[in-house]
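Take a look at the structure set out below.
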Amino acid sequence: MDNIREIRDGKLFFDGCDTVELARKYGTPLYVMSYSEIEKRLSELKRDFTDKYKGARVAYASKAFCTVGMYEILKRAGVCIDVVSGGELYAAEKAGFPAERVEFNGNNKLPSEVDQAVRYGVGRIIVDGLQELPIIVEACKKYNKKMNIMVRITPGVAASTHDYIVTGKKDSKFGIPLDEDVFLPIIKEIIDSEWLDLYGLHMHIGSQLFENDAFLEALDVLMDWAGRIKTEYGAEIKEVNFGGGFGVKYTNEERKPYSFFLDPMMKRLEERSNEIGIDMPAPVIEPGRSVVAEAGMTLYTIGQIKDIKGIRKYVSVDGGMGDNIRVALYQAEYDGVIANRAGETADETVTVCGKYCESGDILLKDFKVPSSVSMGDILATYSTGAYGYSMASNYNNNPVPGVVLVRDGKSDWMVKPQTYEQIVQNNVIPDIL
Ligand code: LLP
């Protein structure tokens, strides 16, 4: 166990805070985020990437965990952000996030979102399809601004991860397929436009990756096309965005340092730039999960316990698929502990389920707990900082839990829990009834 998570006096502590005390003070279910862990990952990125390679930038993928307070942390750390919706951009605006450090991604950006991004003056728009260009140009004219354009390619490589989070293979809703008659006209239109500056190429091959071959293969494809752009139009790309996808530890995974992925990528980028005869483009990455996953845990209170003789013991908690859909959606596996019995031997196997009306509402399968586990105990699930809060729902009209930030023994709200009133506040009884 690392020092962000530790057992003291039989209780689980997270970033210096007693989690049982947090559950009592703030209520459950509760997302808890460790500032020290986020800071650690951001400094690894600085050491292994932005300080190491000229012009390198990190654009944190907001979709992993997006709150105004998170943007405040990133703003102070000097990193950039990637947003994929008007809503994420709105939160960034609320945090006063510097516009030039925002990159706007997405496979179907709405005209209203493009308008918002151009008005705010984002640093990059990552184009994902042909029909996007006139929408961007229209907004550029309206605000009299020229936009830096990255073009997202679909490199046609299959990364080994869960099918739902593979994005780089050719049959994908993301990116522009690399067929000459599709890709080159888009590039030409950008080069020819007085409103658009062809800045570079972007790729993202998948998420929760532990191997490097698919990254390198995709980079090769990307650089082949950078060469093609040079020979066809004499244009040189100034930036390459490698995307995100760096894997994290949920249960038994072995987390790899950023340098494991990035050093070989940078070597290849340099070799291929020389070969094509262009100045080496500035590298950008978009890590999401690897910055926040292990910085998060979720606290629940245990309720009903059902021992189905000879079959299974169900231990239910006061949250579930509404605050963590990843188990039902991707068969994701988590680890955790009974926070107030962390010193006891965990020798009984149970299934932890949520309170939602769905048989698939399971959080932990075959999870070991002390046999003394009982109603009122506090369960902590680990590594829930990415795609937990950000994918939360109001299923069964359960409120989205709040998020507390912990740091060296101190704690405070980052997001307050939703209330019942907030869930129904936009409900109206139609006049036509
Ligand atoms: N850049 C782009 C263009 C992306 O589509 C994504 C993730 C990222 C960066 C960040 O990837 P990361 O470093 O977080 O792996 N909800 C799923 C993950 C979906 C990822 C979608 N795109 C999950 O919970 O596993």
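Order of appearance sets the numbers: ligands from 1, and atoms from 1 within every ligand.
For ligand 1, the atoms sitting less than 4.0 Å from at least one non-hydrogen atom of R152 are 3 (C), numbered in the order shown with element in parentheses. The ligand atoms of ligand 1 that sit less than 4.0 angstrom from a heavy atom of G244 are 9 (C), 13 (O). For ligand 1, the atoms sitting less than 4.0 Å from at least one non-hydrogen atom of E286 are 1 (N), 2 (C), 3 (C), 8 (C), 9 (C), 10 (C), 13 (O), numbered in the order shown with element in parentheses. Atom numbering of ligand 1 starts at 1 in the shown order; those under 4.0 Å from a heavy atom of G288 are 12 (P), 13 (O), 14 (O). The atoms of ligand 1 that sit less than 4.0 Å from any heavy atom of A61 are 8 (C), 9 (C), 10 (C). Every atom of ligand 1 is numbered from 1 in the order shown, and the set under 4.0 Å from a heavy atom of M391 is 16 (N), 24 (O).
Looking at F174, Y250, F246, Y330, it is Y330 that brings a heavy atom closest to atom 17 (C) of ligand 1.
Distance CG/L363 to CD/E333: 13.0 Å, rounded to 0.5 Å.
The part of P287 lying near ligand 1 is the backbone, judged by heavy-atom distances below 4.0 Å. Contacts of H204 with ligand 1, taken as heavy-atom pairs under 4.0 Å, involve the side chain alone.
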Can you list, pair by pair, the side-chain donor-acceptor contacts under 3.5 Å of residues 181-191, counting residues two or more places apart and other chains?
unit_1	atom_1	unit_2	atom_2	d
K188	NZ	D192	OD2	2.6

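Counting heavy atoms from C-beta outward, V240 and L269 have side chains that approach closer than 4.5 Å.
Judged by the 6.0 Å and 45° rule, K75 forms no cation-pi pair with F97. Because its NZ or CZ atom is not both nearer than 6.0 Å to the ring centre of F49 and within 45° of the ring axis, R47 does not count as a cation-pi partner of that residue.
Ring pair F215/F246: centre-to-centre distance below 6.0 Å.
Residue pairs that meet the side chain to side chain donor-acceptor pair (under 3.5 Å) test with at least one member in residues 213-223, sequence neighbours left out, are D220-R268, D220-R272.
The shortest N or O to N or O distance between S207 and ligand 1 is below 3.5 Å. Of the polar atoms of S290, none of the N or O atoms is found under 3.5 Å from an N or O of ligand 1, judged by distance alone.
For the side chain to side chain contact (heavy atoms under 4.5 Å, CB included) test with V352, the passing option among L364, V327, T381 is L364; the others fail.
The closest approach between a heavy atom of G245 and any atom of ligand 1 is below 4.0 Å.
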